[in-house]
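One structure is given here, and the rest of the page talks about it.
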Amino acid sequence: MSTQTILDQEISFDDEGFMTDHTQWSPELAAELAKANGLEELTDRHFLVIDFMRKTFIETGSGPTIRRLTKQSGVPTKELYALFPGAPAKKAALIAGIKKPVGCI
Amino acid sequence: MKSEPIKKVSIVVSKGSLDGIYPGLIMANGARMEGMEANLFFTFFGLYGILKKYQDKIRIATVGNPAMRVPDAKGFPLPTLLGALPGMSAFATSMMMKEMDKLDIPPVGEFIEMISDAGGKIYACKATVDMFHLSQEDFVPQMDKVLTVGDFYELSAGGEIIFT
């Protein structure tokens, strides 16, 4: 656990850098988190993914699998990997302010 | 000392049963999800995982599978003779596929597409292709290339090789 002050707000993170309280999240904070994770700009397509991840997390307590994410958010697998290069589910979860995704798919 | 992260995996899928094919697919997809380079090399009966006509007919073996239990994973061991009854393998497969679907594990065809779209590479073993008299049109479009074992080692350079 650690805290960081971002945009004049005390934000708490777990050891892997995921926010521990998703209610502290805002789109402005997402932009800052994105920069910290190597993404210069967040587009509408990024936010489509982020919003879907947050919605699923709030409803179920866990982020969606990549399969569900691509099927239900309308962002195909290829685009998802392009939007969040490297590890898409993890990176999107970091920026969406939710916990690290659990599950193998 | 912190170990160096794995950057690349090459996974050999050599068996054509459901439990022969899925672990390799899950590992390859998981590798891409973690940002690793992933190669899948299908050989021998594992090749059925990327054959258009057969990939969604992959089944679990109910004979010669002493760990198999019914009606669920903590039930009674399934006697080999019962496992041999017609329809047993199809039934066990459909039960398992239902459980997998709950976990969002896709059918083989969709899974291969997903791995390919995620940037994973799909290869077929040349020796098996020749032995089974297969050609390009027998394969799903995601199959990138038919490789010799030498090619496979070459493209696996610098990564881990996993045999399943």
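Just so we're on the same page: letters track the sequence lines, and every chain starts at 1. Values reported hereafter were calculated over all heavy atoms of this structure, with side chains retained and with hydrogens, waters and symmetry mates removed.
Applying the 6.0 Å contact sphere to CZ of F13(A) captures more than 12 heavy atoms from other residues, nucleotides or ligands. More than 12 heavy-atom neighbours from other residues, nucleotides or ligands sit within 6.0 angstrom of NZ on K52(B). For L7(A), the CG atom counts as densely surrounded, since its 6.0 Å shell holds more than 12 non-hydrogen atoms of other residues, nucleotides or ligands. Around atom CZ of F152(B), more than 12 heavy atoms belonging to other residues, nucleotides or ligands sit under 6.0 Å away. The local environment of CZ in F45(B) is sparse, with at most 12 non-hydrogen atoms from other residues, nucleotides or ligands closer than 6.0 Å. Crowding of K8(B) atom NZ: a count of heavy atoms from other residues, nucleotides or ligands under 6.0 Å exceeding 12. The number of heavy-atom neighbours closer than 6.0 Å to CG of D15(A), taken from other residues, nucleotides and ligands shown, is 12 or below.
With rounding to the nearest 0.5 Å, the separation of CE in M33(B) from NZ in K90(A) is 9.0 Å. From L80(A), atom CG reaches atom CE of M114(B) across 10.0 Å, with rounding to the nearest 0.5 Å. In this structure, the separation between SG on C104(A) and CG on N29(B) is 10.0 Å, given to the nearest 0.5 Å.
Contacts with chain B were tallied for G103(A), A89(A), G86(A); G86(A) has the most, counting heavy-atom pairs under 4.5 Å. By number of non-hydrogen pairs under 4.5 angstrom with chain B, the leading residue of T70(A), I105(A), I66(A), T77(A) is I105(A).
Of the atoms belonging to L103(B), it is backbone heavy atoms, and not side-chain ones, that fall under 4.5 Å from chain A. Looking at E113(B), there are no atoms closer than 4.5 Å to chain A (heavy atoms on both sides), in backbone or side chain.
Nearest heavy-atom pair, P88(A) versus R32(B), reported as atom, atom and distance to 0.1 Å: CD-O, 4.3 Å.
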- Task: List the steps and the verdict of side chain to side chain contact (heavy atoms under 4.5 Å, CB included) for D117(B) and Y81(A).
- Result: CA-CA 9 Å; D117(B) 284 349; Y81(A) 276 82; over 6 Å; no

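With salt bridges taken as basic N to acidic carboxylate O contacts below 4.0 Å, none links D104(B) and K71(A).
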